[in-house]
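The chain is numbered in sequence order, starting from 1.
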Amino acid sequence: MSARRGTAVLLGGTALAGAALVAVPATASADLERHGRCAGATYELQVDREGRRYEVSLDAEHARPGSRWVVQLRHDGKRVHHGIVRADREGELELERLRPNTRDRDTFTVRLRPAGTDGWCSTSVRVR
């Protein structure tokens, strides 16, 4: 997948509402993942160091094809993406953002839910 710097790439939509999360430890300073399952879909939030920036990726699959999802991404509490995304024919969603490395620790939070529902799935990654 390719993306221009600072833009989101949305290929379909998927999200989740009430997730089971599994933390996957990685290197000391970056390359972290969180996995979850919600509303029949599975997702992965991944943060990788790219020089002085972070590549933040959300990949979700197994959503109902064509379903609509609300997706929010926050960096240190500031909303950097919010939108409704439709799942592609395979029930997949991909979102990718490049974010600057800020002072101290960086925290990335994703919230997802099927459009028209109240239950959110949420997970965070904190990077040194």
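Interatomic distance, Arg113 CZ to Arg68 CZ, rounded to the nearest 0.5 Å: 10.5 Å. In this structure, the separation between CD on Glu61 and CD on Glu94 is 9.5 Å, given to the nearest 0.5 Å. Atom CZ of Arg111 is separated from atom NE2 of His82 by 9.5 Å, given to the nearest 0.5 angstrom. Atom CZ of residue Phe108 and atom CZ of residue Arg97 lie 11.0 Å apart, to the nearest 0.5 angstrom. Between the CZ atom of Arg99 and the CZ atom of Arg53 there is a distance of 10.0 Å, given to the nearest 0.5 Å. Between the OG1 atom in Thr123 and the CD atom in Glu44 there is a gap of 11.0 Å [rounded to 0.5 Å].
A side-chain contact (heavy atoms from CB on, under 4.5 Å) with Val125 holds for exactly one of Leu45, Val56, Thr109, Val110; it is Leu45.
Residues Thr42 and Arg37 come closest through the heavy atom pair CG2-NH1, 3.4 Å. Of all heavy-atom pairs between Ala39 and Pro114, the closest is CB-CG, 3.9 Å. Minimum interatomic distance between Arg49 and Asp31 (heavy atoms only, all atoms of both residues): N-OD1, 3.4 Å. Thr107 and Ser124 make their closest contact through CG2-CB, 4.4 Å (heavy atoms, listed as atom of the first residue, atom of the second, distance).
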What's the verdict on side chain to side chain contact (heavy atoms under 4.5 Å, CB included) for Leu58 and Leu112, showing C-alpha distance, side-chain angles and the deciding distance?
CA-CA 10 Å; Leu58 171 67; Leu112 310 119; 3.3 Å; yes
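Remark: Arg74 engages no residue in a side chain to side chain donor-acceptor pair (under 3.5 Å) (not counting sequence neighbours). Applying the side-chain contact (heavy atoms from CB on, under 4.5 Å) test to Thr102 and every residue at least two apart in sequence or in another chain returns His75, Asp76, Asp106.
Within the 4.5 Å cutoff, the side chain of Tyr54 has heavy atoms near those of the Val127 side chain.
For Arg52, the CZ atom counts as loosely surrounded, since its 6.0 Å shell holds 12 or fewer non-hydrogen atoms of other residues, nucleotides or ligands.
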